[in-house]
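Down below is the structure, laid out as structure tokens.
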Amino acid sequence: MARYDAREAEPKWQALWAERQCFVAPNDSPKPKCYVLEMFPYPSGRIHMGHVRNYTMGDVIARFRRAQGFNVLHPMGWDAFGLPAENAARDKGVNPRDWTYDNIATMRGQLKQMGLAIDWSREFATCDVAYYSQQQKLFLDFYQAGLVYRAEADVNWDPVDMTVLANEQVIDGRGWRSGAPVERKKLAQWFFRITAYADELLEALDHMERWPEKVRLMQKNWIGRSEGLRFTFDLSNSEKLDVFTTRPDTLFGASFVALSPDHPLSEVLAKTDKRAAAFIAECQRIGTTEAAIETAEKMGFDTGITAAHPFDPAWQLPVYIANFVLMGYGTGAIFGCPAHDQRDLDFARKYKLPVLPVVVPEGEDPKVFEVGAEAYTGPGRLANSRFLDGLEVEAAKAEIAGRMEAQGKGTRTVQYRLRDWLVSRQRYWGCPIPMVHCPTCGIVPVPKGQLPVELPSDVRFDVPGNPLDAHPTWKHTTCPKCGAKALRDTDTLDTFVDSSWYFARFCNPKSEAPVDADAAKYWLPVDQYIGGVEHAILHLLYARFVNRGLHKLGYTAVDEPFAGLFTQGMVCHETYKGHNGEWIAIEEIEKRNGKAYFKGSDTEVTIGRSEAMSKSKKNGIAPETIIDVHGADTIRWFMLSDTPPERDIEWTNDGAEGCSRFVQRLWRLVDEAGELPPPGTKADGASELRRATHRAIAAVTDDLENLRFNRGVAQIYTLANAIADAKDASVAAKREALEALVLLIGPMMPHLAETAWQALGRDTLVVDTPWPKADASLVASDTETYAIQVNGKLRATRQFAKGTDKATVEKESLALEPVARMLDGKPPKRVIVVPGRIVNIVA
RNA sequence: GCCCCUGUGGCGGAAUGGUAGACGCGGCAGACUCAAAAUCUGUUGCCUUCACGGGCGUGCUGGUUCGAGUCCGGCCAGGGGCACCA
């Protein structure tokens, strides 16, 4: 009897799998394909528990599908561009490229220690010239297809990271990475025309059944479709003003018109009106951060201009510039109907504008119905609205929209909240945008033959600003069109561009084209994608959009890149705080009697709630410390046990110890099994052990199919218990049970499985062994246990032979002592017999 | 403010409308040991009873049903997303 030594066994199997190229996926195979992908990591330095959880889940699916006979693609790469490399360069004086590739080498080694079934021959990093030069080609393709454009716009400027950000990357008015309040700047930048696909991206969500409902809903809200009417006001200064509304039915309740401070007309007015200019400046000073919006009052400036009501030219509405009107949505101008919109009501009360209700709830008298502090937004009938009077809201919308369209005053339109994706970044460590600015020709794409536009390696980080722009020579080039002196675009692409098509590149990472269309046609869509829910909008929306572009360009054959998505929960741990509220690292404390103290002292430390492991909270456990002591199988088993995969899991020492003990227990089960018949011996009969074996096979298969890893784990414990308890089972049944057990743990604890398989006398590999099949006749039992209830309360249980007729079940149930006692001699009012399940006697 | 999700033992969590608490962690008792670790056996929702047994239990509250953790209505608590989007 020997302990199972994971440290000895694990590297051995890993080397053998690699040597036999077990996980190298051919691009042609008679088997059905299965593409399993986990969101690729940013090479920050070392892997963390979140990676371990993510990659363990993906690995289980990949190995399970492989055992089921699929040609499985399970690749790995590196999302390797990004700001941390530049920060390291600035803080430590290293080269971003060296820093990144060093990290990749470290993390690759750590991932290999986990024993992942990955096709390493397809590995790449997005900072490889070979990758980003292909991305530059794609950028030019998208440009040609009209999916990329340059425009001057109000953009989000992160003053700490010194770059602009996309809307999706501004969280609560702050930069997603730096946390600094973003500022607004007017800059010419590159955009991806994601809005061109707004309707498609929205519509497709309804059919993405293997995506979490939550993620689909978040994307739906982010895209934000609303139907309404766009129409034009004639202004007293003989200008025209377009507005958008979703409530055209309330037009006769209008009492003002409002422009965004950023509206072109506001800017025109500011030129001649000092007070208007001052008001606009004031709005801009307050800014658009969350805090500012929370507290900012509705403010307006009466321009003195008036707008003629579309259905009554004599009815003139005052035109204000108002701080709550956003330039980025609709037309940047609205009409205000205070009675039925809260913001309009707040504004009207402040500036003493009329509040005329035009929608009256059922049962209210239109003559007396009034709106107080709250706008009425519910259903009702129109009043005070001329030709709309008496109509319900939806009918009124249709009527007024129809009249406007017939008279050429307006059109029904659909507005989206989604904005185009700003992809320019004023940073160094990213994919250079392959564009040239020529004084005479304007913007000229770099011809594909001149790609790649390579990043220089001699850049300085000790001066603020864009390092590429500051480089002495890099940006100076000649115009590809006229040959005159010209400047390169010194911005790089948002790193989310890099991760928006890597899944397609994995299909053939050596391809001369960005995406090998044949390979992509074979592999895509990804059958199972796994990653954190924090990417619900950003990465997952961008990738869906880019894939639609790829499809349009003929690179891919599918609309949606990820057929199945699974969002796993985070890995959490208790937190500890000292007296000053500072975070205390796990290594600095020790626990005694449920309390925490500084190591070797009596100074108590406050135990805080469990939170996602993070550097800042100092509550992270380094995976390698667990792997070094217990082995990869233990940490993998922990990640799969107990907690459902979509929920946050709490890392505990006791739990890890328990997993390690189970590894040993499984090993002993095999090692101390005693004499077994030779491999291939068939078991027969229907012993308890055989039933337990086949029930486990059926249950674990079902659980893995549905990504219920925690339940699969529980089934495996149950089978292990059954084997341990089956002292007098036949040796053939024992062999069958042990072999099933080993194959079932194969995807989860692959190293232990191989070792145990060998110990059972097998000379093949578990990774080459088909998934076991459950014998249906053994899964079902030949007796049925009925729960016998009286008035819905359990009083007894009783076994009946399978298929016993209802009358017999009823008769014998009534005769049971506890039932008879409850009935107390009286006949039952009613007896319900559910075959195979339950008898309920109503007394 | 709007939208969504989640509430089950000491803990993580099981449970096609049909025996609530599978499985694991932890606890308790015992075996082995000079002792400890490891391992093994038993036990472990709460109340009541010497015992047999009985009662109560899935956030609260009402309903549907022979039967509700599960379905429906109304609350409460925690978490998440969006947020001046016209």
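Computed over heavy atoms, backbone and side chain alike; hydrogens, waters and symmetry mates excluded.
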Donor/acceptor link under 3.5 angstrom from A:R798 side chain onto base of B:U19 =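 No, the side chain and the base share no sub-3.5 Å donor-acceptor pair.
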Distances for protein N or O near nucleotides 55-62 of chain B N or O, under 3.5 Å:
residue : atom : partner : partner atom : Å
B:G55   : OP1  : A:R795  : NH2          : 3.4
B:G55   : OP2  : A:R795  : NH1          : 3.1

Is there a side-chain polar atom (N or O) of [X] under 4.0 Å from OP1 or OP2 of [N]?
| X | N | value |
| --- | --- | --- |
| A:R417 | B:A86 | no |
| A:S226 | B:A86 | yes |
| A:R343 | B:A86 | no |
| A:N710 | B:A14 | yes |
| A:R708 | B:C23 | no |
| A:Y329 | B:A86 | yes |
| A:R821 | B:G54 | yes |

Identify every side-chain donor-acceptor pair in residues 643-655 of chain A under 3.5 Å, counting partners at least two apart or on other chains, and give the distances.
residue : atom : partner : partner atom : Å
A:D648  : OD1  : A:M570  : N            : 2.9
A:E650  : OE1  : A:S610  : OG           : 2.5
A:T652  : OG1  : A:G655  : N            : 3.0

Look for any protein N or O under 3.5 Å of an N or O in nucleotides 64-72 of chain B and output each such pair with its distance, or none.
residue : atom : partner : partner atom : Å
B:C66   : OP1  : A:R830  : NH1          : 3.3
B:C66   : O2'  : A:N840  : ND2          : 3.0
B:C66   : O2   : A:N840  : ND2          : 2.7

Give a yes/no verdict on a cation-pi contact between A:R798 and A:F800, requiring under 6.0 Å between NZ or CZ and the six-membered ring centre and an angle within 45° of the axis.
->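 Pair A:R798/A:F800 counts as cation-pi.
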Quick one: label A:D346 by what it contacts on the DNA or RNA (base, sugar-phosphate, nothing), any heavy atom closer than 4.0 Å.
->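 It contacts nothing in the nucleic acid.
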Just how far, in rounded Å, is P of B:C85 from CE of A:M327?
->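 Going from CE in A:M327 over to P in B:C85 covers 16 Å.
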Would you mind reading off the distance between A:L794 atom CG and B:G53 atom P, rounded to a whole angstrom?
->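 Distance check: A:L794 CG to B:G53 P gives 13 Å.
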What about A:F256 and A:Y351, are their ring centers closer than 6.0 Å?
->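 Judged by ring-centre distance (under 6.0 Å), A:F256 and A:Y351 do not meet the cut-off.
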